[in-house]
Structures are given as C-alpha cells and as structure tokens.
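Structure record follows, encoded as structure tokens.
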Amino acid sequence: MIMMFQMKQLMTKKDWAYLAILLIVAVGLWIWVWREFQKPIVDPSWYANSI
C-alpha cells in the first residue's frame, strides 16, 4: 500500500499516458525490426541464377 501511494506521488496521469505511448511505439518498432530480420538479405532468385 505504501508503494502504491509513492507511485501516485511520482507519476501523474499524464506521465502514465506518455509511458503507455512509449511502450506502444517500442513494441511496434520491435515487431517491425523482427519482421525485417526474418527476410533474406539478398533476393533468393539472385543467387539461384548465379549457380
């Protein structure tokens, strides 16, 4: 209970909104980076034709 009281003193509703937006943006960027890393670096047809 004391911990919750201190958190309410430290962070306002506006701060919680900023934190939520930051987390949403961070998760979105993380998903984008993860999808980009799943793609091949070069097009598979490029090295298939070179053999």
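Computed from a predicted model, the values in this text were never measured in an experiment.
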Hey, what do you get for CG (Leu19) to CD1 (Ile24), rounding to the nearest 0.5 Å? 10.0 Å
Trp30 side, atom CH2; Leu23 side, atom CG - distance, nearest 0.5 Å: 14.5 Å
By the rule that ILVMFWY residues connect when side-chain heavy atoms come within less than 4.5 angstrom, directly or transitively, which residues belong alongside Leu29? Ile21, Val25
Each residue besides Trp34 in its hydrophobic cluster should be listed here, by chain and number; the cluster joins Ile, Leu, Val, Met, Phe, Trp and Tyr at side-chain heavy-atom distances under 4.5 Å. none
Could you tell me which residues satisfy side chain to side chain donor-acceptor pair (under 3.5 Å) with Lys39, sequence neighbours excluded, listed by chain and number? Glu36
Are Phe37 and Trp32 linked, directly or through other ILVMFWY residues, by side chains that come within less than 4.5 angstrom of each other? yes
